Amino acid sequence: METYLQKIISQALLKLGLSEEQLPDIKIETPKDPTHGDAATNVAMVLPKILKKNPRAIAEELISHLESDPKKIKAIEIAGPGFINFRFAEDYLYDELAEILNSGTEFGKTTDNQGIKCLVEFVSANPTGPLTVGHGRNAVLGDTVSRLLEWTGADVQREYYFNNAGRQMRMLGLSVQARYLEELKLDSEFPEGGYEGGYIKDIAKQLLEEHGDKLADKEDVTLFKEKAETVIFEEIQNTLGRMNIEMDSFFNEHTLYEDGSIDQVVQTFREKELAYDKDGAVWFKTTEFGKDQDTVLIKSSGEPTYRLPDIAYHANKLDRGFDLCIDVFGADHIDTYPDVLSGIDVLGYDKEKVEVLVYQFVTLVKDGKPFKMSTRKANFVTLDELMDEVGEDVTRFFFLMRSPNTHLEFDITTAKETGEKNPVFYLQYAHARIQSILRKIDEIAEFIDDIDLSVLTHESEITLIKKLIAFPEAISLAAQHREPHRLITYLNELASSFTSFYHDCRIIGEVEEIMQARTGLAKASATVLANGLGILGIEAPDRM
RNA sequence: GCGCCCAUAGCUCAACUGGAUAGAGCAACGGCCUUCUAAGCCGUAGGUUACAGGUUCGACUCCUGUUGGGCGUACCA
């Protein structure tokens with residue numbers, strides 16, 4: 001519909017004497033207030049400067065040249081300062097509704113990103129401990145944005161980037177070793193800044209069971225480290241699985257050292273005189289790109305900082321032929337991003353292909369009081385604990401509910417409510433209700449395929465149909481902005497429209513043709529709810 | 001100090017990237033179950049969009065400044 005309106009409007013504008021180049025970008029929007037019609041455009045208000053007439057006069061002339069199909073558009077009006085409002089013809093609504101029933105689980109797919117190869121990198125937590133609540137928002141955002149991109153036609157690969165070398169991992173090994181020796185009642189010193197979480201002890205106990213005290217005099221921490229990595233990675237994948245997240249690939253930072261790509265980056269920087277030596281370290285001239293300080297690439301110890309492999313990693317992604325690379329970062333990591341972009345730009349890649357999705361922090365709230373979390377000490381909340389407490393669907397939903405750009409207050413008390421306070425159940429309940437009706441109808445009568453939908457004329461029915469039709473657009477918008485909460489807002493409105501319809505219009509017990517048409521409408525509603533919940537990675541239950 | 005993000009109803013948040021009378025949920029108040037799930041529906045009340053300017057037909061949205069909060073500003077990741 002949108003493209004149709006754009007087409008006829010631009011044709012009319014050409015007749016008004018505008019040249020092709022003067023044609024503005026025609027925006028079609030859905031008015032908030034339904035009395036303003038089903039679609040509206042503001043073109044007449046952006047043209048006065050070119051046409052030297054007032055907006056309303058332009059609108060009137062434009063309308064007189066509009067050739068619209070009466071099967072699609074019922075009425076066109078000018079309103080306010082110069083908006084042109086369109087009202088959809090009922091025939092159009094019925095056709096679209098039939099389309100939903102035909103498309104079923106496919107309904108809502110668009111072609112916005114057709115053929116685009118996309119890599120979404122998310123989670124990317126190093127295997128030093130279980131996933132926490134903070135990782136949860138990252139994981140769910142990354143996965144849902146991936147799903148949205150898939151629904152708009154993109155070919156998406158989900159990738160997890162990790163580092164199992166470096167100081168952090170060494171510290172992990174040392175921590176496990178210390179706990180292991182403690183278990184044996186031997187002399188041990190817990191490393192300064194080590195990992196104090198209880199899971200470290202569990203790993204130590206496993207080692208004790210498998211090896212007895214044979215590891216007591218081992219100087220080398222490698223075995224402890226590797227064991228820890230294996231156990232923790234298994235746990236992480238388990239946690240992701242619970243949340244319906246499946247990674248397509250895991251990328252080990254270390255491969256960038258092995259294949260020489262890190263050296264290559266440094267060499268290229270040096271050739272372009274953007275890297276230099278100072279105080280035994282290698283520096284990147286980030287001041288050239290507007291930073292107030294240069295940045296260390298390789299420490300005087302010879303160890304690269306994380307920025308260097310990050311740059312090499314992004315080059316690697318683009319080498320793999322992706323048209324779009326999305327990184328999902330917490331707000332605390334935002335500072336690296338400009339360096340990475342500058343880096344790949346210097347290497348000759350198109351930095352426009354790299355995009356960062358930044359999300360703000362999560363605060364857990366319980367009984368109105370904030371839960372303080374620190375990863376180092378033992379008092380963090382793991383994702384698994386959170387899911388044990390409030391359930392997988394609720395966890396996913398709450399992480400997606402808010403714009404990524406705002407702090408997320410995760411209220412455990414609300415999340416645990418199974419009733420009215422909890423917005424997840426509202427959507428699931430609407431779906432379960434429909435399924436319940438459909439089950440009853442199956443018992444009552446056989447169905448004819450050929451339903452006459454034009455008997456749907458009640459206000460609640462029309463409102464619901466219009467809402468259903470808007471689903472693909474809701475997906476497009478959410479995908480385009482990389483903001484899943486927009487889809488949630490839509491689904492809430494849809495569920496609300498359905499429930500109003502449910503209260504205003506009975507299905508069972510009405511005359512045959514009404515019952516059939518309403519059953520069709522209910523089915524279409526269930527389809528859209530299920531498809532939408534599917535994108536959010538949440539179950540659409542048949543019973544509740 | 002500097003950089004990024006945020007400030008909207010009592011609370012948690014929307015507002016289609018500049019559009020029409022700023023909307024939902026919760027909390028409050030008042031109605032609605034002998035009929036398809038009341039985990040629901042309908043209604044009432046609640047606002048100087050932190051503050052002060054500016055840009056224009058039009059600003060929650062863009063620009064400048066102020067206040068208040070979060071994050072960052074490492075040869076940590």
Side-chain angles (χ1 to χ4, degrees), chain A residues 27-33 35-36 40 42 45-46 48-49 54-55 79-83 85 124-126 128 163 166-168 193 253 278-283 290-293 295-307 310 330-338 358-361 363 365 368 401-403 405-409 411 414 417-426 428-430 432-441 444 470 473-474 476-478 480-481 485-486 488-490 492-493 496 499-500 502-510 515 518-519 522 543-544:
Chain A
K27 278 192 197 160
I28 307 291
E29 63 176 22
T30 310
K32 292 176 217 160
D33 183 345
T35 62
H36 293 138
N42 66 340
M45 287 185 290
V46 299
K49 277 181 189 153
N54 73 61
F83 288 100
N85 297 335
S124 295
N126 287 338
T128 56
N163 171 15
R167 224 196 61 197
Q168 266 189 41
E253 180 185 316
K278 195 182 90 183
D279 304 330
V282 182
W283 296 71
K291 280 229 166 180
D292 22 319
Q293 284 170 23
T295 312
V296 171
L297 287 176
I298 301 175
K299 300 183 238 172
S300 49
S301 65
E303 216 178 337
T305 64
Y306 64 102
R307 266 163 233 254
D310 256 12
D332 55 337
H333 282 232
I334 187 60
D335 223 44
T336 44
Y337 162 62
V358 178
Y359 61 92
Q360 302 294 322
F361 279 19
T363 326
V365 176
M401 210 163 45
R402 306 300 178 209
S403 157
N405 216 8
T406 63
H407 288 255
L408 174 67
E409 195 159 297
D411 188 332
T414 307
E417 298 261 353
T418 50
E420 41 190 308
K421 284 186 188 168
N422 196 328
V424 192
F425 291 105
Y426 186 66
Q428 296 186 320
Y429 184 58
R433 253 182 176 172
I434 299 170
Q435 295 308 327
S436 165
I437 297 169
L438 296 178
R439 277 193 299 272
K440 288 212 164 72
I441 286 171
I444 297 169
E473 194 197 341
S476 282
L477 275 172
Q480 190 187 322
H481 291 93
H485 78 280
R486 288 169 188 266
I488 290 189
T489 305
Y490 165 81
N492 271 320
E493 289 165 4
S496 172
T499 337
S500 294
Y502 170 85
H503 278 266
D504 294 343
C505 306
R506 290 196 56 80
I507 299 174
I508 295 168
E510 295 289 331
M515 179 166 134
R518 287 184 176 163
T519 304
R543 292 168 210 272
M544 282 176 79

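Letters go in sequence order (proteins before strands), and every chain restarts at 1. Bear in mind the structure is a predicted one, so any value in this text is a computation, not a measurement.
For A/Asp332, there are no side-chain hydrogen bond (donor to acceptor under 3.5 Å, both in side chains) partners two or more places apart in sequence or in a different chain. Here A/Arg402 pairs with A/Arg137, A/Thr406, A/Leu408 under the side-chain contact (heavy atoms from CB on, under 4.5 Å) rule; sequence neighbours left out. Applying the side-chain hydrogen bond (donor to acceptor under 3.5 Å, both in side chains) rule to A/Asp33 yields the partners A/Thr35; only residues at least two apart in sequence or on another chain are considered. Evaluation of the salt bridge (Lys or Arg N to Asp or Glu O under 4.0 Å) rule for A/Lys32 yields no partner, not counting sequence neighbours. Legend: residues meeting side-chain contact (heavy atoms from CB on, under 4.5 Å) with A/Leu477, ordered by chain and number and at least two apart, are A/Glu473, A/Gln480, A/His481. Applying the salt bridge (Lys or Arg N to Asp or Glu O under 4.0 Å) test to A/Glu409 and every residue at least two apart in sequence or in another chain returns nothing. With sequence neighbours excluded, the residues that form a side-chain contact (heavy atoms from CB on, under 4.5 Å) with A/Ser496 are A/Tyr426. Judged as a salt bridge (Lys or Arg N to Asp or Glu O under 4.0 Å), and not counting sequence neighbours, A/Asp411 has no contacts. Applying the side-chain contact (heavy atoms from CB on, under 4.5 Å) rule to A/Ala40 yields the partners A/Pro31, A/Asn85; only residues at least two apart in sequence or on another chain are considered.
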| message | Let's go through A/Val358 and A/Asn405 carefully: what are the C-alpha distance in whole Å and the side-chain angles of both, what is the deciding distance for side chain to side chain contact (heavy atoms under 4.5 Å, CB included) to 0.1 Å, and is it a yes or a no? | response | CA-CA 7 Å; A/Val358 178; A/Asn405 216 8; 5.6 Å; no
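Nucleic acid contact class of A/Ala522 (heavy atoms, under 4.0 Å, all strands): none. Using a 4.0 Å heavy-atom cutoff across all strands shown, A/Tyr426 reaches sugar-phosphate atoms only and no base atom. Among the protein residues, A/Asn126 comes within range of the sugar-phosphate backbone only, with heavy atoms under 4.0 Å from sugar or phosphate atoms but none that close to a base. When heavy atoms are screened at a 4.0 angstrom cut-off, A/Ala430 is found touching no nucleic acid atom at all. The residue A/Thr414 sits apart from the nucleic acid: no heavy atom pair falls under 4.0 Å. Heavy atoms of A/Lys291 sit nowhere under 4.0 angstrom from any nucleic acid atom.
Phosphate contact (OP1/OP2 of B/C42, side-chain N/O of A/Ser500, threshold under 4.0 Å): present. Taking side-chain N and O atoms only, A/His485 has a distance below 4.0 Å to OP1 or OP2 of B/A15. The side chain of A/Lys27 contributes no N or O atom lying less than 4.0 Å from OP1 or OP2 of B/G18. Not one side-chain nitrogen or oxygen of A/Arg439 sits closer than 4.0 Å to the OP1 or OP2 atom of B/C36.
For A/Asp279, whose side chain is taken as the heavy atoms from C-beta onward, the closest listed nucleotide among B/C75, B/A38, B/U21 is B/C75. The nucleotide whose nearest atom lies closest to any side-chain atom of A/Val296 is, among B/C75, B/C16, B/G40, B/C75.
Of all non-hydrogen atoms in A/Lys299 and A/Thr305, the two that sit nearest each other are CG-CG2, 3.9 Å. Contact between A/Lys291 and A/Pro338 at its shortest, heavy atoms only, is CE-CB, 4.5 Å.
Rounded to whole angstrom, the span from the CZ atom of A/Arg402 across to the P atom of B/G25 amounts to 13 Å. One can place NE2 of A/His503 at 14 Å from C1' of B/G31, the figure rounded to the nearest angstrom. For the pair A/Gln428 CD and B/A39 P, the computed distance is 15 Å after rounding to whole Å.
Judged by atom type and distance alone, A/Ser301 does not reach the base of B/C75 through any side-chain donor-acceptor pair under 3.5 Å. Interface remark: the A/Tyr306 side chain does form a donor-acceptor pair with the B/A77 base, using a distance-only criterion of under 3.5 Å.
Look at A/Phe83 and the base of B/A20; the rings stack, centres closer than 5.5 Å and planes less than 30° apart.
For the P atom pair drawn from B/G68 and B/C29, the interatomic distance equals 38 Å after rounding to whole Å. For the P atoms, the distance from B/C13 to B/C2 is 29 Å, rounded to whole Å.
Note that the CG atom of A/Asp310 and the CG atom of A/Leu297 stand 11.0 Å from one another [nearest 0.5 Å].
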| For every nucleotide of nucleotides 54-59 of chain B, 5' to 3': is a protein heavy atom under 4.0 Å from its base (B), only from its sugar-phosphate (S), or from neither (-)? | ---B--
| message | Treating primed atoms plus P, OP1 and OP2 as sugar-phosphate and everything else as base, which nucleotides of nucleotides 2-8 of chain B get B, S or - for protein heavy atoms under 4.0 Å? | response | ---SS--
| message | Let's test your reading of the pairing rules: Watson-Crick or G-U wobble, both distances under 3.5 Å, then write RNA chain B as a dot-bracket string with ( ), [ ], | and dots. | response | (((((.(..((((.....[...)))).(((((.......))))).....(((((..]....)))))).)))))....
